[in-house]
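Take a look at the structure set out below.
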Amino acid sequence: MTVTAHGALPDVTYDVVIVGAGVVGCAIARELARHRRLRIALVEAQDDVGQGTSKANTAILHTGFDAVPGSLEARLVREGSRRLALYAAESGIPVEPVGALLVAWDREQLAVLPELAAKAEKNDYRQARILGPDELYAREPHLGPGALGALHIPGESIICPWTTTLAYATQAVRHGADVHLDCRVERADDGVLRTSRGTLRTRHLVNAAGLYADELDRRLGHRDFTVTPRRGQLLVFDKFARELVRHILLPVPTALGKGVLVAPTVYGNVLLGPTAEEVDDRTATGSTEEGLALLRDRGRRILPALLDEEVTAVYAGLRAATAYEDYRIRAHPDQAYVTVGGIRSTGLTASMAIASHVTGLLADCGLDLGEADDLEPVRMPNLGEAFPRPYQRPELIAADPEYGTLVCHCERVSRGEIRDALASTIPPHSLEGLRRRTRARGGRCQGFYCGAAVRELFEGRS
Amino acid sequence: MSRRHVDVLVVGAGPAGLALAARLAAWGVNRVEVLEREQEAGGVPRHCRRREFDGPGFARRYAEAAVRAGAIVRTGVTALGWCEPPALDTVGPAGRETITATAVVLATGARERPRSARLVAGTRPAGVFTTGELQQAVHLYGQYIGHRAVVVGAEAVSYATVGTLLGAGVDVVAMVTDLARHQGDRLKAVNSRLGQRIPLLSGTTVTELRGRGRLTGVALRHRDGRTTTLACDTVVFTGDFVPDHELARRGGLALDTGTRGPAVDGAFRTSREGVFAVGNVLHAVESAAAVAREGVRAARHVRDHLAGASWPPAVPLLVAPPLRWIAPNRLAPATTYDPFVLRTAEFLARPVLTVTQDGRVLHRRRLLTTAVPNRALSLDGRWVGSVDPAGGPVRVTAR
Ligand SMILES: Cc1cc2nc3c(=O)[nH]c(=O)nc-3n(C[C@H](O)[C@H](O)[C@H](O)COP(=O)(O)OP(=O)(O)OC[C@H]3O[C@@H](n4cnc5c(N)ncnc54)[C@H](O)[C@@H]3O)c2cc1C
Ligand SMILES: Cc1cc2nc3c(=O)[nH]c(=O)nc-3n(C[C@H](O)[C@H](O)[C@H](O)COP(=O)(O)OP(=O)(O)OC[C@H]3O[C@@H](n4cnc5c(N)ncnc54)[C@H](O)[C@@H]3O)c2cc1C
């Protein structure tokens with residue numbers, strides 16, 4: 001149960017090595033950690049868990065109402081959604097069941113709503129209901145003019161993606177899994193992995209490399225799919241915007257994707273995005289002038305008052321799209337190898353169900369799982385506005401005044417929380433990592449007030 | 001949660017709040033309490049260290065003067081929000097507390113808009129600063145900054161930033177402004193361009209940041225549409241100030257659409273009885289010395305309120321483009337006005353400022369200089385006596 005970021009790798013043969021510590025890889029590690037006899041390692045190219053697509057999405061816990069009926073994705077999203085909602089409540093991962101409104105802006109879109117409602121039924125989601133304009137505007141008084149109706153999906157929720165990934169990884173490590181960071185897998189053959197930090201041996205291999213899953217798959221001789229990254233740029237608006245919107249406001253989907261949405265975040269901000277652009281470069285997580293202009297254009301129609309507020313942050317994530325309308329999860333028993341590819345735009349929601357599915361596939365590949373224990377629950381620091389934050393808890397401050405000493409004022413992060421994050425099971429290796437664990441520096445001033453002080457706390461650690 | 005009453009509760013121990021508190025305490029007002037969320041009082045000057053301005057010394061002097069006069073200055077305490085105004089909900093290492101007050105004074109200051117608020121596209125590398133963060137990193141903590149910096153902006157604070165960077169051993173590759181000329185002090189601009197050989201790229205916009213992990217360059221678009229990239233590992237976004245208006249907004253105070261701070265009259269009264277505002281939260285930004293003088297002036301009006309003076313209604317004062325804002329921006333009867341401060345969005349050579357109400361001209365004056373964006377412009381307040389308190393909004397135009 002160690003987390004390493006440099007130095008030699010252990011000279012052992014693992015039962016399972018998982019490549020990629022995104023939300024999917026971490027969920028798999030957690031699931032396998034229930035089996036006490038297994039020696040597991042989670043291997044990640046970057047300096048933190050959840051540093052790929054898993055940190056840069058729209059943070060919605062989907063119901064799967066709009067999935068392709070009968071697909072593996074539909075099943076895993078449905079199952080994963082239920083499981084993650086329960087897990088979140090147990091682990092202190094902020095979730096707010098705000099519900100979604102799929103808004104029709106013209107006759108054509110209005111005509112599609114019954115089809116979408118029928119599709120939801122096929123996906124075993126029965127709470128979807130069509131609303132007329134009066135009820136729609138009563139629910140969303142700031143919605144731009146001209147909406148004709150909406151499909152209400154009360155089960156859609158917002159969630160903290162950072163805490164989710166971290167909770168999985170933390171629990172895995174506490175139950176004996178090793179995490180090796182800054183460790184890129186460069187070649188893999190016959191149970192021997194060549195990494196940027198040396199060699200690792202394993203009996204079973206799981207490829208959860210996200211945008212690079214096809215490359216690793218090819219190295220192992222498979223040509224099942226090619227990842228064509230689809231970039232999604234997003235704008236995060238100031239907390240003052242939060243009261244403008246109560247639900248996730250979705251557009252009617254088109255062939256290119258789910259379209260541009262407006263959604264509250266669990267941190268009390270409002271998201272506008274994402275774009276959907278095919279890009280060649282798997283590292284192209286920058287935003288573009290055109291992308292931001294397009295988003296503002298769309299946002300003005302959906303929620304005009306949103307555009308009067310300041311933008312707190314801009315980011316972009318890459319969906320691991322493939323030519324298929326489904327995940328590409330496949331077992332290769334002869335190689336004791338499972339590919340978990342094409343986890344496109346629902347991987348956060350489906351993560352726990354993907355993990356169970358993959359565990360089953362590993363057993364099919366001959367992995368002797370042994371007994372499964374219940375895991376010791378984790379309790380993650382709360383980053384959500386819907387639950388008490390440390391500065392709001394007098395009993396906590398009385399016990400430790402460091403929780404009443406605020407460092408990041410915009411996000412109201414105390415010195416106590418930063419101290420705890422630096423001493424946590426999987427400590428951050430960058431200021432960005434610290435932000436994902438505490439929200440420090442993530443607010444409207446972006447470090448004008450607290451940047452240097454937070455950096456001092458971070459660097460003072462070593 | 002415990003509850004306590006004070007006579008005057010000041011939020012923010014910058015020059016404005018401290019100067020005001022010192023004066024009130026010196027007059028014998030009983031309980032004047034200043035809340036400051038940082039560990040040290042003094043506000044922004046704590047980290048402005050330049051040859052011409054010893055900010056830390058300035059901050060210390062004002063903090064000491066307030067305490068010496070009898071004001072209570074509590075650092076490490078944040079005003080979180082309002083409960084039944086005028087009462088503020090606070091938190092600090094000693095826990096949560098609600099403080100009610102006969103007068104609340106918001107002196108929460110101003111900050112620079114960071115990269116994201118300016119919608120500069122690109123990657124999210126390290127090496128991206130505002131002046132505020134840079135000054136603290138250099139002057140308070142001595143942190144490593146970088147090798148080659150681009151400074152975005154060419155106003156007074158931008159030239160101060162150049163000084164901070166050079167002092168920290170960072171080369172300044174260029175200053176970039178989307179305006180046609182610099183807006184700083186002429187001597188400083190000349191010295192920076194010719195003496196320090198720092199090119200000023202005017203009419204130029206930063207369109208994108210490049211680099212993964214660490215900044216490697218900024219993409220620029222020039223006036224003629226040409227695009228180039230400047231290699232650098234540090235970029236500092238200077239100026240483009242916004243008031244820190246969170247408490248004002250959460251308290252439902254009327255905000256001025258131009259300044260985006262609380263709207264106030266000549267006596268620093270906001271739209272809510274018992275709540276005053278002073279300093280750069282009203283006008284982002286004026287110099288530390290000017291703001292401190294303002295704090296002193298505001299003290300008298302707070303004292304009048306404690307003595308039971310009325311809280312009169314006011315007529316809004318608005319500007320038309322190319323003017324950006326004016327402060328104060330509410331016109332109350334029987335109130336004296338010090339010169340108003342304004343900002344223009346464009347360079348205006350010897351502009352004529354005209355003040356009208358319902359089509360009636362109240363005042364007209366030609367300025368003898370050029371009005372420069374991001375620099376203070378002033379308008380004296382002798383005409384306010386002719387405002388009709390029952391009339392429509394008063395407007396200021398510049399041509
Ligand atoms: C714009 C956008 C919006 C989205 N919105 C939602 C949403 O609202 N709800 C939802 O459920 N899902 C959403 N998704 C999808 C979700 O984010 C992804 O499905 C999920 O994060 C995929 O996780 P992952 O672990 O497969 O991939 P990643 O998070 O990319 O993790 C893969 C990891 O593998 C590592 N790696 C790669 N190659 C190697 C190697 N050779 N050696 C070692 N490590 C390697 C990478 O560094 C990376 O950390 C969205 C995605 C995008 C882009
Ligand atoms: C980056 C920068 C550089 C500058 N450089 C110069 C210079 O070189 N020379 C010069 O003359 N002027 C300079 N100025 C202008 C001027 O000095 C400052 O803006 C001046 O400090 C303004 O004083 P103030 O009291 O209005 O606000 P500030 O000095 O900003 O003080 C406001 C205080 O309020 C506190 N506060 C805010 N909200 C809360 C809350 N909710 N609870 C508790 N406390 C709170 C803040 O922590 C802060 O300490 C600069 C301004 C900036 C932003």
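Lettering follows sequence order; numbering is per chain, from 1.
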Interatomic distance, CG@B:Leu80 vs CZ@A:Arg412, rounded to 0.5 Å, equals 4.5 Å

Counting heavy-atom pairs under 4.5 Å to chain B, which of A:Gly416, A:Ala313, A:Cys445 comes out on top?
-> A:Cys445

Verify salt bridge (charged side-chain N to carboxylate O under 4.0 Å, His left out) between A:Glu395 and B:Arg96, making sure each step is shown before the conclusion.
-> CA-CA 10 Å; A:Glu395 80 295 350; B:Arg96 296 286 292 261; over 6 Å; no

Whatever's closer than 4.5 Å to a heavy atom in chain B on A:Glu309 counts as side chain

What part of B:Arg37 gets closer than 4.5 Å to chain A, counting heavy atoms only: side chain, backbone, both or neither?
-> both

Are B:His47 and A:Tyr449 an aromatic pair by the rule of ring centers under 6.0 Å?
-> no

Begin with the C-alpha distance, continue with both residues' side-chain angles, and end with the deciding distance and a verdict on side-chain contact (heavy atoms from CB on, under 4.5 Å) for B:Glu133 and A:Phe448.
-> CA-CA 5 Å; B:Glu133 180 174 0; A:Phe448 176 93; 5.5 Å; no

Using non-hydrogen atoms and a 4.5 Å limit, figure out which bit of B:Thr130 sits close to chain A: side chain, backbone, both or neither.
-> side chain

For A:Arg444 and B:Glu112, what are the C-alpha separation, side-chain angles and deciding distance, and is it a salt bridge (charged side-chain N to carboxylate O under 4.0 Å, His left out)?
-> CA-CA 10 Å; A:Arg444 60 172 71 96; B:Glu112 295 159 301; over 6 Å; no

Find out whether A:Gln446 and B:Phe237 are in side-chain contact, i.e. whether some heavy atom of one side chain is under 4.5 Å from a heavy atom of the other.
-> no

Bottom line for B:Arg210: the part with an atom under 4.5 Å from chain A's heavy atoms is neither

Greatest number of non-hydrogen atom pairs under 4.5 angstrom with chain B, of A:Asp400, A:Thr283, A:Asp238, A:Leu396, falls to A:Thr283

Candidate pair A:Glu289 and B:Arg118, rule salt bridge (charged side-chain N to carboxylate O under 4.0 Å, His left out), full reasoning = CA-CA 11 Å; A:Glu289 257 189 302; B:Arg118 304 184 195 205; over 6 Å; no

Relative to chain A, which segment of B:Pro93 carries a heavy atom at a distance below 4.5 Å: side chain, backbone, both, or neither?
-> both

Give, as side chain, backbone, both or neither, the part of A:Asp47 having an atom under 4.5 angstrom from any heavy atom of chain B.
-> neither

Selection from A:Arg415, A:Arg296, A:Gln233 maximising heavy-atom pairs under 4.5 Å formed with chain B = A:Arg296

Out of curiosity, B:Leu119 CG to A:Leu295 CG, how far, rounded to the nearest 0.5 Å?
-> 10.0 Å

Residue from A:His409, A:Arg393, A:Lys239, A:Glu432 scoring the most non-hydrogen pairs under 4.5 Å with chain B is A:His409

Counting only heavy atoms closer than 4.5 Å, note whether B:Arg221 contacts chain A via side chain, backbone, both or neither.
-> side chain

Reported CD-to-CG distance for the pair B:Glu38 and A:Leu406, which is rounded to 0.5 angstrom = 10.0 Å

With a 4.5 Å limit on heavy-atom distance, are the side chains of A:Thr285 and B:Arg124 in contact?
-> no

Contact origin within B:Thr78 toward chain A - heavy atom pairs under 4.5 Å = side chain

Checking heavy atoms, do the side chain of A:Ser414, its backbone, both or neither come under 4.5 Å from chain B?
-> neither

Go through the atoms of B:Gln135 and report whether side chain, backbone, both or neither lie under 4.5 Å from a heavy atom of chain A.
-> neither

Between A:Glu243 and B:Arg249, is there a side-chain N and carboxylate O pair less than 4.0 Å apart?
-> no

Residue pair A:Arg455 / B:Gln136, side-chain heavy-atom distance below 4.5 Å | no

Could you look at A:Tyr403 and say if it's the side chain, the backbone, both or neither that has a heavy atom under 4.5 Å from chain B?
-> neither

Under a 4.5 Å heavy-atom cut-off, does chain B meet the side chain of A:Ala453, its backbone, both or neither?
-> both

So which part of A:Glu402 gets closer than 4.5 Å to some heavy atom of chain B, the side chain, the backbone, both or neither?
-> neither

Do you know which of A:Leu292, A:Val314, A:Thr288 has the most heavy-atom pairs with chain B at a distance under 4.5 angstrom?
-> A:Val314

Please assess B:Glu246 against A:Phe240 for the test side-chain contact (heavy atoms from CB on, under 4.5 Å), listing each intermediate value before the final yes or no.
-> CA-CA 9 Å; B:Glu246 178 167 9; A:Phe240 291 120; 4.0 Å; yes

Rounded to the nearest 0.5 angstrom, the OG-CG distance for A:Ser287 and B:Leu209 is 8.5 Å

Under a 4.5 Å heavy-atom cutoff, which of B:Gly122, B:Ala126, B:Gly95 has the most pairs with chain A?
-> B:Gly122

Contact class of A:Leu235 relative to chain B, heavy atoms under 4.5 angstrom | side chain

Segment of B:Val242 engaging chain A (4.5 angstrom heavy-atom cut-off) = side chain

